[in-house]
Protein chains: 2
Amino acid sequence: MILKSQVEWALHCCAILAGLPAGRYLSTKALAEFHGLPKEYLSKALQSLSQAGLVDTTLGPSGGYRLAKAPAELTFLDIVEAVEGNARTFVCNNIRANNPCRPLGYCESGPCAVARIMWEADEAWRQKLRSVRLSDLIETLSRDIPAELWKSSFEWVLERAG
Amino acid sequence: MILKSQVEWALHCCAILAGLPAGRYLSTKALAEFHGLPKEYLSKALQSLSQAGLVDTTLGPSGGYRLAKAPAELTFLDIVEAVEGNARTFVCNNIRANNPCRPLGYCESGPCAVARIMWEADEAWRQKLRSVRLSDLIETLSRDIPAELWKSSFEWVLERAG
DNA sequence: TCTATTAAGGATATAAAATATCCCTATTTC
DNA sequence: GAAATAGGGATATTTTATATCCTTAATAGA
């Protein structure tokens with residue numbers, strides 16, 4: 001069970017978009033080049049963000065993507081679910097229903113105990129992702145990344161932002 | 001990102017094995033029949049449990065599986081990881097290394113900030129699974145399942161336990 | 001000893017999901 | 001009008017999950 005690499009791509013792209021001045025857009029092409037990713041496929045991840053309402057888009061030359069909300073209003077969970085979907089990571093196939101000892105017409109009172117526990121763990125994962133905002137990531141990155149590289153990256157992006 | 005159905009199978013099988021009297025074994029065939037699962041494929045899940053040391057096995061007629069530890073000493077995480085593996089659910093491909101602004105020979109000081117956060121969420125999921133013991137599941141099941149069905153299932157298993 | 005039954009595990013087949021590319025359309029900028 | 005863009009459909013490739021089959025070694029019981 002491994003998350004799609006598109007999740008990683010979407011998170012890094014949002015981090016870049018968070019640094020974009022208000023009103024500017026950044027294209028798939030620029031985001032793909034910056035991260036060394038296949039443009040066409042990255043485009044699918046960005047479309048997912050768009051469909052989820054996390055980013056705004058515009059067409060034409062100087063078109064591209066920008067965040068639809070402030071970085072403090074975007075959580076990791078928003079981004080992960082936009083790309084990966086919000087289906088639970090554990091699917092209950094209700095195999096208890098195959099118990100040969102069951103009387104005919106027997107009906108469960110509620111979800112399977114195994115599933116309930118697995119879903120609680122799933123929820124713990126989501127809760128953690130929900131607790132981290134994109135602004136938190138930016139803050140961490142600004143501490144992690146040398147000022148020199150931070151600055152040159154920002155300029156690289158600005159040169160290509162429409 | 002969805003867990004293998006073998007995880008569900010393994011959890012239910014462990015719940016059954018937990019009810020087995022000391023020294024008795026239950027075969028793949030019985031476990032498959034009880035849960036309505038393909039015997040050959042379920043066998044792979046049970047082999048995973050065996051390789052992880054969660055169950056003991058014995059060969060021959062009246063052979064099969066039994067728990068290697070008390071239900072209170074077995075956690076959900078033990079079982080999930082035996083089947084699903086213990087690799088983290090988020091893989092960092094370190095795409096930041098493709099940043100075209102990086103000076104040559106630049107070397108990261110530590111893991112990517114994005115990965116660190118995703119790994120914390122992964123750990124929150126594991127921590128929750130680690131906090132639930134097989135004995136907790138049994139307790140819940142004994143409350144959920146009607147006494148009648150609980151009893152007949154127990155007898156069904158006993159008839160087939162070697 | 002012989003036979004039936006079992007787990008272990010290798011080989012292979014099938015189905016589903018992830019990864020990726022290509023192409024066409026509508027929109028926007030210049 | 002030309003160039004660049006996002007959106008999205010179609011398709012191909014690779015990887016993973018699911019499933020079956022078969023052989024081997026061990027064990028229990030007749």
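What you are looking at is a predicted structure, and each value in this text was computed from that prediction instead of being measured. Keep in mind that the numbers below use all heavy atoms, side chains included, and drop hydrogens, waters and symmetry copies.
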Side-chain donor-acceptor pair present, A:Ser152, A:Glu148, cut-off under 3.5 Å: no
Value in whole Å for how far the C1' atom of C:dA18 lies from CD of A:Glu84: 10 Å
Basic-acidic side-chain contact under 4.0 Å: B:Arg130, B:Glu123: yes
Spacing of A:Leu42 atom CG relative to D:dG7 atom C1', expressed in whole Å: 14 Å
Residue whose closest nucleotide on DNA chain D lies nearer the 5' end, A:Ser27 versus A:Ile2: A:Ser27
Short side-chain N/O contact from B:Thr57 to OP1 or OP2 of C:dA8, under 4.0 Å: yes
First of A:Tyr41 and B:Glu40 reached from the 5' end of DNA chain C, by closest nucleotide: B:Glu40
Sugar-phosphate only, base, or nothing, as touched by B:Gly162 at under 4.0 Å among non-hydrogen atoms: nothing
Integer-rounded Å distance: C:dT5 P and B:Lys39 NZ: 11 Å
Base D:dG9 paired with A:Lys44 side chain (donor-acceptor, <3.5 Å): yes
Sugar-phosphate only, base, or nothing, as touched by A:Tyr65 at under 4.0 Å among non-hydrogen atoms: sugar-phosphate
Gap between atoms CZ and C1', on B:Arg160 and C:dT5 respectively (whole Å): 16 Å
Separation of atom CG in B:Leu3 from atom C1' in D:dA17, rounded to whole Å: 12 Å
Whole-Å distance separating the CG atom of A:Asp56 from the C1' atom of C:dT28: 16 Å
Which nucleotide in D:dA4, D:dT5, C:dT19 has an atom nearest any side-chain atom of A:Lys4: C:dT19
OP1 or OP2 of C:dA8 under 4.0 Å from side-chain N/O of B:Ser50: yes
Touch class at under 4.0 angstrom, heavy-atom based, for A:Thr58 against every strand present: sugar-phosphate
Spacing of A:Arg66 atom CZ relative to C:dT28 atom P, expressed in whole Å: 13 Å
Touch class at under 4.0 angstrom, heavy-atom based, for A:Ser43 against every strand present: nothing
Flag, side chain of B:Trp119 to backbone of B:Phe90, donor-acceptor distance under 3.5 Å: yes
Heavy atoms of other groups near B:Gln127 CD, more than 12 under 6.0 Å: yes
Below 4.0 Å: OP1/OP2 of D:dG8 and any side-chain N or O of A:Gln51: yes
5' precedence on DNA chain C between B:Met1 and B:Gly63 (nearest-nucleotide basis): B:Gly63
Note: A:Arg88-A:Asp122 ion pair, threshold 4.0 Å (strictly below): no
Whole angstrom value for the distance that separates P of D:dG7 from CD of A:Gln47: 5 Å
Test side chain to side chain donor-acceptor pair (under 3.5 Å) applied to B:Arg96 and B:Asn99, B:Asn94, B:Asn98, the passing residue: B:Asn94
Of B:Gln6 and A:Leu46, the one whose closest DNA chain D nucleotide lies more 5': A:Leu46
